[in-house]
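Written out below as structure tokens is the structure these notes cover.
In what follows, every chain begins at residue 1, and chains take the letters A, B, ... in the order their sequences are listed.
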There are 2 protein chains.
Amino acid sequence: MSDIFRALADPTRRKVLELLRQRPMTAGELAGHFPVSRPTMSAHFTVLREADLIDSLKIGTTITYQLKLSVLEDALLGFARLFAAGAREPATDAAERIKPEQISRGAAE
Amino acid sequence: MSDIFRALADPTRRKVLELLRQRPMTAGELAGHFPVSRPTMSAHFTVLREADLIDSLKIGTTITYQLKLSVLEDALLGFARLFAAGAREPATDAAERIKPEQISRGAAE
DNA sequence: CATCTATTTAGTCAATCATCGAAATAGTTC
DNA sequence: GAACTATTTCGATGATTGACTAAATAGATG
């Protein structure tokens with residue numbers, strides 16, 4: 001779980017996943033979309049692979065990466081559901097809810 | 001977006017959010033649930049606050065933290081939707097899909 | 001087989017992170 | 001106002017991260 005969120009914390013890696021959403025792509029093709037070196041991209045692929053978010057297929061000297069969409073969805077939706085289920089409605093439980101005017105350190109400061 | 005995923009990448013911080021899902025709690029009360037020092041917990045609260053995932057209310061010397069559920073939901077579901085929408089069904093598009101037996105480096109290795 | 005291409009590994013560096021103990025801040029209480 | 005409580009800020013430390021260049025691996029092609 002930590003691995004997945006850590007993988008998603010980097011904009012380059014999120015963009016890689018977005019690119020792979022459309023179709024599998026080779027390491028070189030993916031790297032062409034970013035202004036960083038190949039070794040750096042390779043490290044990003046490793047992080048994504050260790051989070052089980054992508055699969056790889058080696059054909060000759062070329063490696064094709066593929067998004068594991070179900071892993072991503074299961075993780076995100078599963079975690080989101082953990083919070084949606086059993087949570088009170090935002091409008092109710094006014095007594096326990098902190099009112100915006102009372103916030104001393106938050107978006108206001 | 002990166003801030004939110006980075007905040008979620010730490011198990012302690014995820015657990016804090018889970019605790020706050022039930023009701024607002026003070027810094028000390030939250031800290032009591034974890035085997036780390038108060039300064040460390042304070043740092044975690046700062047990360048969560050910077051990700052806009054919690055609000056804080058200071059009453060006297062006590063600070064109460066509250067989950068910003070809508071921020072969390074909007075981020076997670078919004079990102080998940082980005083991948084669900086427009087994605088092809090896993091069962092179709094067999095030609096572009098890498099078959100499990102072909103995987104050279106992934107879950108198999 | 002020498003060379004070219006695709007990608008990774010190795011080694012390094014600066015920046016960030018999680019953690020701690022000590023000290024500071026701020027409110028409460030006697 | 002001295003002492004106590006709640007929490008943060010400060011300063012230090014070891015681990016991890018994202019980046020790079022250089023070198024290694026491995027397959028393809030002349």
Toward the 5' end of DNA chain D, by each residue's nearest nucleotide, A:Thr61 or A:Ala9: A:Ala9
Atom pair distance, as rounded to whole Å: CZ in B:Phe34 and P in D:dT7: 14 Å
Sugar-phosphate only, base, or nothing, as touched by B:Ser42 at under 4.0 Å among non-hydrogen atoms: base
Approximate separation, where rounding is to 0.5 Å, of A:Arg21 CZ and A:Leu72 CG: 11.0 Å
side-chain N/O B:Arg6 vs C:dC17 OP1/OP2, d < 4.0 Å: yes
Sugar-phosphate, base or nothing in reach of A:Thr26, heavy atoms under 4.0 Å: sugar-phosphate
Any side-chain heavy-atom pair of A:Asp52 and A:Lys68 under 4.5 Å: yes
Please list, for nucleotides 20-24 of chain D, all pairs of protein and nucleotide N/O atoms separated by less than 3.5 Å.
from   : atom 1 : to      : atom 2 : distance (Å)
D:dC20 : OP2    : A:Ser37 : N      : 2.9
D:dC20 : OP2    : A:Ser37 : OG     : 3.0
D:dC20 : OP2    : A:Thr40 : OG1    : 2.7

Contact under 4.0 Å: A:His44 side-chain N or O vs D:dT17 OP1/OP2: no
Proximal nucleotide (of D:dG18, C:dA18, C:dT8) relative to the A:Ile63 side chain: C:dT8
Residue-phosphate contact under 4.0 Å: B:Arg13 side-chain N/O, C:dA18 OP1/OP2: yes
Phosphate-side-chain proximity, B:Tyr65 and D:dT8, N/O vs OP1/OP2 below 4.0 Å: yes
B:Leu57 CG to D:dA6 C1', straight-line distance once rounded to whole Å: 14 Å
Sub-4.5 Å side-chain heavy-atom contact between A:Pro11 and B:Met1: no
Closest heavy-atom pair and its distance - B:Ala51, B:Asp3: CB-O, 3.7 Å
Mutual orientation of the aromatic rings belonging to A:Phe5 and A:Phe79 [parallel < 30°, tilted 30-60°, perpendicular > 60°]: perpendicular
B:Arg49 CZ - D:dT7 C1' separation (whole Å): 11 Å
Pair A:Glu29 + A:Arg23, salt bridge at N-O below 4.0 Å: yes
Atom-pair distance (CZ on B:Phe5; P on C:dT16), nearest Å: 21 Å
Distance in angstrom units between B:Asp10 CG and D:dT16 P, rounded: 14 Å
Sugar-phosphate, base or nothing in reach of A:Ala27, heavy atoms under 4.0 Å: sugar-phosphate
Euclidean distance, atom NZ of residue A:Lys58 to atom P of C:dA6 [Å, nearest integer]: 14 Å
